[in-house]
Amino acid sequence: MAEKRGTVGGPVLTEWFGKAKLHTLDVYESLGGYSALRKVVTEMTAAQVIDEVKMSGLRGRGGADFPTATKWSFVPKDHPGPKYIVVNADESEPGSAKDRYLLENSPHMLIEGAAIATFAIGGHQAWIYIRGEYDLPYEMLRDAIAEAHTKGYLGDHPFGSDYPLDVRLYRGHGAYICGEETALLESLEGKRAQPRSRPPFPAVKGAWGLPTAVNNVETLATVPWIMRHGGPEYAKRGTEKAKGTRIVTVSGDVQKPGNYEIEIGVTYRHIIEELAGGARPGHKIKVFWPGGSSAKVLPGSMLDTSTDLDGLKALGTMGGSGGIIVMDDSHCVVKAAARLLRFYAHESCGKCTPCRVGSNWAVRTYERILANEGSETELGLLERVADGLQNGRCLCGLGDAAGWVIESTMRHFRGEYEEHCLRHTCSVGAVLAHA
Amino acid sequence: MSTLSSHLLDEIKELPAKYPQPRSAVMPALDLAQEELGHLTPEAMSEVAGALQLDPGYVEGVATFYTLFHLQPVGRHRFYICTNLSCMLRGAEDIVDRVKGAIGVREPGEVSKDGLFSYEEVECLGACEYAPVCRLDHRYEVDLTRAKIDLLVNNRRLPRKHIKSRPAADVTTPRPLPGSAGPPRTRGGRQSKPAPRRPARPPKESDG
Ligand SMILES: Cc1cc2nc3c(=O)[nH]c(=O)nc-3n(C[C@H](O)[C@H](O)[C@H](O)COP(=O)(O)O)c2cc1C
Ligand code: FES
């Protein structure tokens, strides 16, 4: 990859980024890496690890904000056979690149976090499911795992203990739906990736039918820091209920796109204008997606919104995967929404009818609108389709996300939709390439 | 005479033991088959099924679900061009246009006359901060411009003796890192390194 775009030397996750050869075990360890895993396997009990993470207040960074310690505690303690940690490294949410950033900088951080999590649920194996396009992160993880085995930090006796720990890799093969945790488990089992109905939840019946906790890369990469510094120290950062820091990916119409580690609670204005350099000169930010393409959009007038997870929920949107997509006034909202609907329709696994049919309807409607064949009918149709998608009661959230794109762009930019449908014009023209 | 080489079939037969349940081997096995043939033919899929003791229809069902499995011939170098929102905002349409022109094809999937190239438009590659982005020969090419596309294409047209393969992954001598560690790398300084004739076989799950 080209030069690093994002935070180095930040407070938690990116603390060591920028150190030469951080991806090697020696450098990672010289900075304090693997001290957490060593302590965990030689001195602690699983319950103590879960308690520490509980005190940190860490919530999952894969999109659903679920408290990590709680998720681990759902995995039955007395289950006799194998139990698994499955790492969700499928990162395919449009606008999100932070897991890749973490992996390319510090693969050992994830391996250490995954191993600690595995210990915490009383398991012995973690499986990292990584999207197939991530060749370099895959190779780095593979090499790092091999290093950890050679050093004796993974294997039958990690750090001389009698608690076997292993981390394995599994490559995805291109399908957004694999990011959804139950579809991911299907895929890991060698099947078509279609979400499962719940219950049973993965904690009871997950990978290969056994108790499993699925966690995002960033979530687990945070765990070694928490174990080194203590849960309460982590909880000093962030807002009252959304603790800590996270990495946001800022992309689109900003001057300095990149992955920035932020303390949860800073405003989008801080991220977009100060960290990412704001809009190009002469342009204004029209709209942004606050947490990946699946988060309901906010207009440029709401840049002072906080990144607090619950505050975003109260606004009807979400911090999601932390991917912030910024669009300025040179781009057309209708065309952007049409592109995202094409994405959701393409990635719908086809299992649930409202999602499969609704997303394809929306695509055809947008096509008519962009071909200047729209009318009042299309406006009404989009509203109804958005409604059907959001209330589709599907097995997973993909259809809802598609509905949110339509609903939120229509709500905030009704004028642009009407211009397209009723007057067959576009005040910003086609999407322009950057000069 | 089978489509897949016998040593590959032997390798595939060893995969199921590496997973808690044998069925998980289906994608790694299809990977190996695709790497050897370039794309998955019906014969190859049924040989994979045979080696894994699975139903051929089942294996085909899996292969057709995932976009990284190719059921049609592909160019030796395939551009996976991201056209999702962040890349679109930064000119992905123009990049697609240039790739088509530079490799001389009209539509996605079409293989250039020399067999060297094809392209595909893909969804977000998870590298949006470098938009517009494409994946080519198992690496990402970033901050794409029309000129950069021409360079990527022209470099891959050079006679093979000029082409160095990428360094093999090696634990003891780790490769330079993206941006962070490793020797300083000027922006865009890597794109002139073309890939081997067949991209090196992707690493296997079992290697870890
Ligand atoms: C359509 C869809 C796609 C998703 N994609 C991802 C993804 O790429 N990466 C991820 O970590 N979580 C993704 N999720 C969320 C996962 O289902 C799950 O909540 C998450 O991996 C749990 O990890 P966490 O608790 O650490 O956040 C997706 C969810 C849905 C509905
Ligand atoms: S939109 Fe192109 S890499 Fe994310």
Side-chain angles (χ1 to χ4, degrees), chain A residues 1-5 17-18 20-24 82 91-92 94-97 100 104-105 132-136 138-139 142-143 145-147 168-171 173-176 188-193 208 249 251-253 257-259 293 323 325 327 331 336 339-340 343 346-347 431 433-434, chain B residues 18-28 30-31 61-62 64-69 80 83-86 88-91 93-94 122-131 135 138-140 142-143 169-171 174-175 177-182 185-190 202-203 205 207-208:
Chain A
M1 205 62 66
E3 100 281 22
K4 191 192 303 293
R5 293 207 184 130
F17 289 17
K21 296 192 189 286
L22 174 60
H23 65 291
T24 62
E91 186 166 69
S92 314
S96 176
R100 198 207 81 249
E104 286 181 352
N105 279 283
E133 293 87 346
Y134 279 3
D135 306 277
L136 182 63
Y138 173 82
E139 290 165 27
R142 180 201 53 190
D143 294 355
I145 291 169
E147 276 185 302
R168 303 283 191 101
L169 281 165
Y170 196 85
R171 303 190 87 180
H173 287 83
Y176 169 63
L188 183 60
E189 292 179 10
K191 302 174 190 158
R192 296 164 73 94
W208 301 288
T249 308
S251 68
D253 295 327
N259 295 288
S293 65
I325 310 170
M327 205 169 97
H331 290 124
R339 177 64 188 88
L340 289 181
F343 164 74
H346 180 250
E347 300 297 332
V431 172
H434 272 233
Chain B
K18 299 186 166 133
Y19 302 92
Q21 283 178 18
R23 194 174 288 264
S24 295
V26 63
M27 289 205 278
L30 287 169
D31 250 350
V62 169
T64 50
F65 187 88
Y66 298 94
T67 56
L68 289 178
F69 290 125
Y80 298 83
T83 60
N84 209 303
L85 187 52
S86 303
M88 172 177 117
L89 295 172
R90 291 185 162 253
E93 286 177 32
D94 208 36
V122 298
E123 300 298 355
C124 177
L125 284 170
C128 323
E129 79 273 34
Y130 295 107
R135 174 175 179 253
H138 298 289
R139 282 296 180 272
Y140 281 9
V142 303
D143 297 329
D170 181 343
V171 178
R175 285 149 294 107
L177 259 201
S180 63
R185 180 191 286 157
T186 46
R187 275 188 57 188
R190 209 201 63 234
E205 277 70 34
D207 296 353

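A note on names: the letters A, B, ... follow the listed sequences, proteins ahead of strands, and every chain is numbered from 1.
Taking the side chain as every heavy atom from C-beta outward, B:Leu125 and A:Tyr134 never approach each other to under 4.5 Å. Looking only at side-chain heavy atoms (C-beta outward), A:Thr249 and A:Ile325 stay at 4.5 Å or farther from each other. Side-chain contact check for A:Asp135 versus B:Arg135: some heavy-atom pair is nearer than 4.5 Å. The closest side-chain heavy-atom distance from A:Leu188 to B:Tyr19 is not below 4.5 Å. You'll find the side chain of A:Glu133 stays beyond 4.5 Å of the side chain of B:Tyr80, heavy atoms only.
Per-residue counts of heavy-atom pairs under 4.5 Å with chain B were compared for A:Gly323, A:Gly258, A:Ser293, A:Ala97; the largest is that of A:Ala97. Ranked by heavy-atom pairs under 4.5 Å with chain A, the list B:Ala25, B:Cys128, B:Pro22, B:Gly126 is led by B:Gly126. When the candidates A:Ala193, A:Ser251, A:Ser96, A:Pro82 are compared by the number of heavy-atom contacts under 4.5 Å with chain B, A:Ala193 comes out ahead. Ranked by non-hydrogen atom pairs under 4.5 Å with chain A, the options B:Ser24, B:Cys124, B:Gly61, B:Ala131 are led by B:Ser24. For the set B:Leu30, B:Asn84, B:Val26, the entry with the most heavy-atom pairs within less than 4.5 Å of chain A is B:Asn84.
Contacts between B:Arg23 and chain A at a heavy-atom distance below 4.5 Å involve backbone atoms as well as side-chain atoms. For A:Arg339, the part lying near chain B is the side chain, with the backbone staying farther off; criterion is any non-hydrogen pair under 4.5 Å.
Not one N or O on the side chain of B:Gln21 forms a donor-acceptor pair closer than 3.5 Å with the backbone of A:Glu189.
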